[in-house]
Participant: 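Please find one structure pasted underneath; my questions will follow.
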Amino acid sequence: MKNKYVVFAVLLFFSFPVCAQDDLLDLLDETDESVNYTIATFKGTRIINGHSTKLRKKKVLEFLISHRFGRINNGIYEFFGLDEANIRFALEYGITDVLNIGVGRSSFDKTYDGFVKWKFLRQKTGAQRSPVSMALFSSYAINSMRAEGQNINFEDRIGYTFELLIARKFNSDFSFQLIPGMVHLNSVPSAQDDNDIYYLGGGLRYKLTRSFALTMEYYYRFNPLTSTETFDVIGFGFEIETGGHVFQLLFTNTLAPFEKGFITETVDEFWDGDIRFGFNISRTFQLGQKRKW
Amino acid sequence: MKPVIFIALLFISTSVVGQKYISEKSNIVFFSSALLEDIEARNEKAKSVFNADNGDIVFSIPVNQFQFAKSLMQEHFNEKYMESDKYPKTIFKGKVLDFEKGSENNNVWTEGELEIHGVKRNVKIQGNLIFKGEKVIIESKFIVKLEDYEIEIPKLLFQKIAEEVEVTVNFEYKRYEK
């Protein structure tokens, strides 16, 4: 009986000095209340055509140029579509780390657009946990094309978009996003068309090396316009990151790099070979005072 | 009955005698002088415990808490250089050598294992250890070579950073009481 206690006491005595520094570390872990936010789920504010949960940080201004060329299957005479260029210029800005706004102008339908994006949940581990990041997104788009001999009311030129972005970075290489959303058109081509078009989008990013990644995107529409033939938008891309730049080279079937356009006005069928080359180039600038520590 | 008292005494002795200090304020700055711009980052979320009896000391530094002037730089630092999702903490475990307890003027060497970016290396770092009333202050400045810790600089990145960074460490400790 006594022997047992002695052995126990001796063991106890030895156990302390052996891993004294690890004990100190354990003591630190006990008092650890830090939260680890998942970063770099997506590198661009767009995955291909649509928005990602990436936001620009406070006082960061992004100049974004999105190019969409003609159809590759137009052949050599059109230089595989490169003769026809559609462009969207945009300025996008971080009001805070979780609230971004932006305005843009696209050649497609001479459209002016604007958006607000609010990230209300961040993926995190540690003392606080969340498996996903979430953002609310809303945009409007105004078609400013002249219509010869017609008088179109201003309101009828407008379409609105509402989306919930749900993204998760599964590991350091793979990120996935779901985008339930809805486009509301103030006017539709025919009375049988729905004014509200609902869709579910999916996007992903797979990192190949530290600076290269593959991207993919698809939006399924539940109730597309019926009076004109339109298709679900699909895209495959390749992303290169260099310092303050993100280059996205992509293949898609739409000309319109904004929601109302690519959801309701995509007239090309990707799987019939009506594929367009395009790219998004983004340059960010840190404005204002440097951040205070 | 006797062995129980013995064990109880043993427990009390180890917890009373250990004169531990835990950090209450910390500041780690790293500075890298590069061709295009100097890069500086600051971390106030690091923690440390120091045992004044035997000189044992540990530091735990959450890598993603380094704050940069440019937010994009911070992202690159975490994602591309330090891979902080894989290696969230920088850890130092070591021993302060030959110091005089209670002295305000200890210029000391600390020997131990520094783990950055998942790579462990034995290092010897010089610094000051100051006992001030109930408090302990530690100051140090040293150089870290990126290649020692297998931190690669992506070729495509325009912001070139130096191969060596200067690290300045300031910690203030209070007595640790359970």
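Note on naming: letters A, B, ... go to the chains in the order of the sequence lines (proteins, then strands), and numbering restarts at 1 for each one.
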Participant: Is A:Lys58 in contact with chain B via its backbone, its side chain, both, or neither, using a 4.5 Å heavy-atom distance?
Facilitator: neither

Participant: So what's closer than 4.5 Å to chain A heavy atoms on B:Ser23: side chain, backbone, both or neither?
Facilitator: neither

Participant: Would you say the side chains of B:Glu83 and B:His117 form a donor-acceptor pair under 3.5 Å?
Facilitator: yes

Participant: Is it true that A:Asn49 and A:Arg68 share a donor-acceptor pair across their side chains at a distance under 3.5 Å?
Facilitator: yes

Participant: So which residue, A:Lys169, A:Arg56, A:Lys43, ends up with the most heavy-atom pairs under 4.5 Å with chain B?
Facilitator: A:Lys43

Participant: Quick one: what part of B:Ile22 sits under 4.5 Å from any heavy atom of chain A, side chain, backbone, both or neither?
Facilitator: side chain

Participant: Side chain, backbone, both or neither: which part of B:Lys93 has a non-hydrogen atom closer than 4.5 Å to chain A?
Facilitator: both

Participant: Taking atom CD1 of A:Ile48 and atom CG of A:Leu204, what is their separation to the nearest 0.5 Å?
Facilitator: 8.5 Å

Participant: Compute both the distance and the angle, then confirm whether A:Arg283 meets the cation-pi test with A:Phe285: under 6.0 Å from the six-membered ring centre, within 45 degrees of the axis.
Facilitator: yes

Participant: Give the ring-plane orientation class for B:Phe59 versus B:Phe171, where under 30° counts as parallel, over 60° as perpendicular and anything between as tilted.
Facilitator: perpendicular

